[in-house]
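Please read the structure below before turning to the comments.
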Amino acid sequence: MACLNLKWSSFLAGVGSLYEALFLPAQIHTNTRTNTKTENTATKSTRETRSEKTRRTATGDPFYYFCYSDTVHTTTPRALTVTIVCLRLPLCLRWEEEKYTDGSKWRFLEHKGPVFPPPYEPLPDRIRFYYDGKAMKLSPAAEEVATFYAKMLDHEYTTKDIFRKNFFKDWRKEMTPEEKSKITELKKCDFTEMHEYFKAQSEARKQMTKEEKQKIKEENERILQEYGYCVMDNHRERIGNFRIEPPGLFRGRGDHPKMGKLKRRIRPEDIIINCSKDSAHPQAPPGSRWKELRHDNKVTWLVSWTENIQGSIKYIMLNPSSRIKGEKDWQKYETARRLKKSVEHIRAQYREDWRSKEMRIRQRAVALYFIDKLALRAGNEKDEGETADTVGCCSLRVEHIRLHPQMDGQDYVVELDFPGKDSIRYYNKVSVEKRVFKNLQLFLENKQAKDDLFDRLNTSILNKHLQELMDGLTAKVFRTYNASITLQQQLKELTSRESKILSYNRANRAVAVLCNHQRAPPKTFEKSMHNLQTKIDEKKKQLSAAKKELKAAKADAKMLRDEKSKKAVEMKKKAVQRISEQLMKLEVQATDREENKQIALGTSKLNYLDPRISVCKKYWCKKWAVPIEKIYNKTQREKFAWAIDMTDEDFEF
DNA sequence: CCACAGGAATCCGGTTTCGCGAT
DNA sequence: CATCGCGAAACCGGATTCCTGTG
């Protein structure tokens, strides 16, 4: 039994830190009644011995019972300590113990349901909407939709034709017949008073007194405590998104054909609740009822509803810190590590397949090469006209690729240029092997710009093939694998005596570049860079001033040769030292920020990099004695609790 | 075997809010 | 001590992957 192997020292050191929140306090009860379940259920190592029981019974000591792995245990206060040690096993070990084998995700699930946004509050009468220059009072329904648009007036969206067209069409659906007949052109609509009103409102919110802000904060905290947590099996877990999305105008990314459409308000009647039968079911708001109450423990969601833009289902699920998410995350990295073991074999295989007689196999092999080498996404087919035109590997078209037998002194250069996920541009020129190049030429023969590059391939064919190569292997595992292995290598190479954080960020950046995680340069980038430069210049001045003083002090000391002036020299020396350190720090910061201008580190850190690489002794935090707080903030530490908690110091991805 | 649709879960960049140091 | 400005964190919700069932 694993809990017996635990070191007491680690228990004592750890109690009161990371994990008591994972242990459901409400399920520890002091109990003076006899618990009839005692005899047959206390099967774990925490079972009290017969002599302990005799002693307890004799002395009338209180005892506790608690649930663990769906079993009720009883224990004495002393034994409870042991029990908590057991619950404080490294998370992944605990998860192993708690795992279900029948595909179910939980046994017990209790929550309070979603939080709805407040109902619409009509505008005060003085705020007017003008049509064709004339003031006009709108019906509440039409007015609400108009406010959605008014709030976005200084956003680029409202300049886009599709957005305006979609909005106007959906807005008219909310109008009364009179309004409908009157309001026929968007360009004659004047929302500026409404827009100003909302700006003033948000300004007023900022101007609120401390007390008012405090009150709002407390109310939010209360809602969080009531609705933001659920009980899943034996743990109280944080819910990820317990608030229903408020109505508004749909904001698609890229050239989305549906941008500007009305995202309607979700009512209790649209909501499906999922919880366990034996839990206290969430109550629908007074006067309403849920669409359905379901008890499906094969899924992880608590609440779902169908959204009206794409007709897809939205869910309320748990926070990344929860067992159910963490376990999945861990599993993801374990699969990527298994890929590491067989990747050489798989590479040999697809290289072999480049010369296959069958076109479908060649295409599969070249696509896989791209996925492996360039960390491209799989590229599922998308509904044309329903979504923005974006592609991934399998859905690349002729127009996205250019072949250059020679370029910039390199042979066989492939130029890729396409809109990827979220319409982020992927642009890359890469030298490939001759066989790949020849194959690509073959795939391009007799095709038009809009034709598929891999016309005999799609993601399901590819994934089916991958599944045969390795259990659990899919296209995205390559992204995870290549990202994590790159971080590990980069950390090995880059970390030196220079700034640790800069090195870490550079390794992280290498991964972000590989995964094409770009961002628009922050609006304040130039300014903040400028500010930093000013600081650096000031520091430089300070430094030269300090140096001057030091020189003067030295001269004095030479002249006077007394204790006092010697001391002064020491002081000045220290000052110079201090200031130059501060200067270095600023300069590192500037370098880091500049290099990060168009790169988003967060996504890879959160989704692709095995946290154990960063935590572990061999590679990073522990090796370089960098506190974990320097690389993971609070949320990230919560999400990666399972990795931070791992004891294996020889971890290798 | 394949096309198709629906469902569940992960991934992802932008926007808003928060908290802290400087003034 | 108040408030101002900024960067980081939190939030948000859309986008994509991948699986399953049906026919």
Side-chain angles (χ1 to χ4, degrees), chain A residues 103 105 152 155-157 202 205-207 209-210 213 216-217 220 224 240-246 248 250-254 256 258-259 263 272 274 296 298-301 304 306-307 309-320 324-325 328-329 331-332 376-383 386-388 390-395 419-424 458-464 466-467 472-477 479-480 483 512 515-520 522-525 527-528 531-532 535 589 593 596 598-608 632-638:
Chain A
K105 308 285 171 67
M152 294 178 75
H155 200 287
E156 202 197 332
Y157 274 118
S202 76
R205 265 197 302 279
K206 276 186 214 155
Q207 298 302 321
T209 63
K210 235 188 203 162
K213 282 183 181 166
I216 292 173
K217 210 174 155 189
N220 282 337
L224 176 68
N241 55 324
F242 56 91
R243 290 173 195 276
I244 296 289
E245 295 171 15
F250 178 76
R251 303 154 88 116
R253 316 263 174 84
H256 201 295
K258 297 200 172 181
M259 64 167 73
K263 220 174 81 161
I272 301 173
N274 194 32
D296 180 359
K298 297 283 191 282
V299 296
T300 66
W301 53 268
S304 79
T306 301
E307 151 270 353
I309 303 290
Q310 317 274 1
S312 62
I313 308 171
K314 297 263 191 171
Y315 305 93
I316 289 182
M317 292 182 192
L318 296 194
N319 187 276
I324 210 147
K325 295 286 188 185
K328 208 68 197 295
D329 206 36
Q331 210 178 74
K332 174 177 80 185
L376 300 190
R377 295 188 188 81
N380 287 302
E381 287 114 295
K382 301 176 69 185
D383 295 346
E386 303 282 300
T387 54
T390 64
V391 299
C393 186
C394 293
S395 50
K421 183 178 179 179
D422 290 335
S423 294
I424 301 286
N458 62 40
T459 53
S460 106
I461 295 173
L462 180 66
N463 280 336
K464 220 165 269 168
L466 293 175
Q467 183 58 49
L473 186 61
T474 62
K476 83 185 186 72
V477 178
R479 243 167 111 77
T480 311
C515 294
N516 200 41
H517 290 141
Q518 299 190 35
R519 63 166 183 183
K523 284 191 187 77
T524 53
F525 186 83
K527 200 174 154 199
S528 85
N531 286 347
L532 197 52
K535 267 192 190 170
Q589 204 184 337
R593 194 176 296 177
N596 224 28
Q598 301 194 65
I599 298 177
L601 297 186
T603 303
S604 49
K605 202 174 194 174
L606 233 44
N607 300 299
Y608 289 103
Y632 291 144
N633 65 33
K634 184 171 139 280
T635 320
Q636 292 162 340
R637 290 197 300 277
E638 280 166 9

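Numbered from 1 within each chain, the chains take letters A, B, ... in sequence-line order. It should be emphasised that the depicted structure is a prediction, and the values quoted were computed from it without experimental measurement.
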Rounded to whole Å, how long is the line connecting atom [atom1] of [X] with atom [atom2] of [N]?
X       : N       : atom1 : atom2 : answer
E386(A) : dG14(C) : CD    : C1'   : 15 Å
K213(A) : dA2(C)  : NZ    : P     : 13 Å
F525(A) : dC6(C)  : CZ    : P     : 15 Å
R637(A) : dA9(C)  : CZ    : P     : 9 Å
R593(A) : dA8(C)  : CZ    : P     : 6 Å
K210(A) : dT3(C)  : NZ    : P     : 9 Å

Problem - chain A footprint on DNA chain B, 5' to 3' - any atom under 4.0 Å from a heavy atom - result: dG7(B) to dG19(B)
Within this structure, what is the [atom1]-[atom2] distance for the pair [X] and [Y], rounded to the nearest 0.5 Å?
X       : Y       : atom1 : atom2 : result
H517(A) : Q598(A) : NE2   : CD    : 15.5 Å
K476(A) : N607(A) : NZ    : CG    : 9.0 Å
R377(A) : C394(A) : CZ    : SG    : 13.5 Å
E307(A) : F250(A) : CD    : CZ    : 7.0 Å

Exercise for the section: Would you give a per-nucleotide map of nucleotides 15-23 of chain C, 5' to 3', where B means the base has a protein non-hydrogen atom under 4.0 Å away, S means only the sugar-phosphate does, and - means neither? Expected result: BSBBS----
Problem - Main-chain N/O of K325(A) paired with D329(A) side-chain donor or acceptor, under 3.5 Å - result: no
Problem - K258(A) side-chain N/O to A388(A) backbone N/O, donor-acceptor pair under 3.5 Å - result: no
Problem - Earlier contact from the 5' end, DNA chain B, for I424(A) and D296(A) - result: D296(A)
Problem - 5′-ward residue of the pair S304(A)/C515(A) relative to DNA chain B - result: S304(A)
Exercise for the section: Please check the phosphate of dG14(C) (OP1 and OP2 only) for any side-chain N or O of K263(A) closer than 4.0 Å. Expected result: yes
Handout entry: Ring geometry between Y315(A) and W301(A) (parallel below 30°, tilted from 30 to 60°, perpendicular above 60°)
Key = tilted
Fill in the blank from the handout: Given the options T387(A), D422(A), T390(A), R253(A) meets side chain to side chain donor-acceptor pair (under 3.5 Å) only with D422(A)
For a quick check of understanding: with a heavy-atom distance under 4.0 Å over all strands, which category does [X] fall into, base, sugar-phosphate or nothing?
X       : result
E307(A) : nothing
S460(A) : nothing
K217(A) : sugar-phosphate
P320(A) : nothing

Problem - Y608(A) versus R479(A), side-chain donor and acceptor atoms under 3.5 Å - result: yes
Exercise for the section: On DNA chain C, check which nucleotide each of N241(A) and N633(A) is closest to and give me the residue with the more 5' one. Expected result: N633(A)
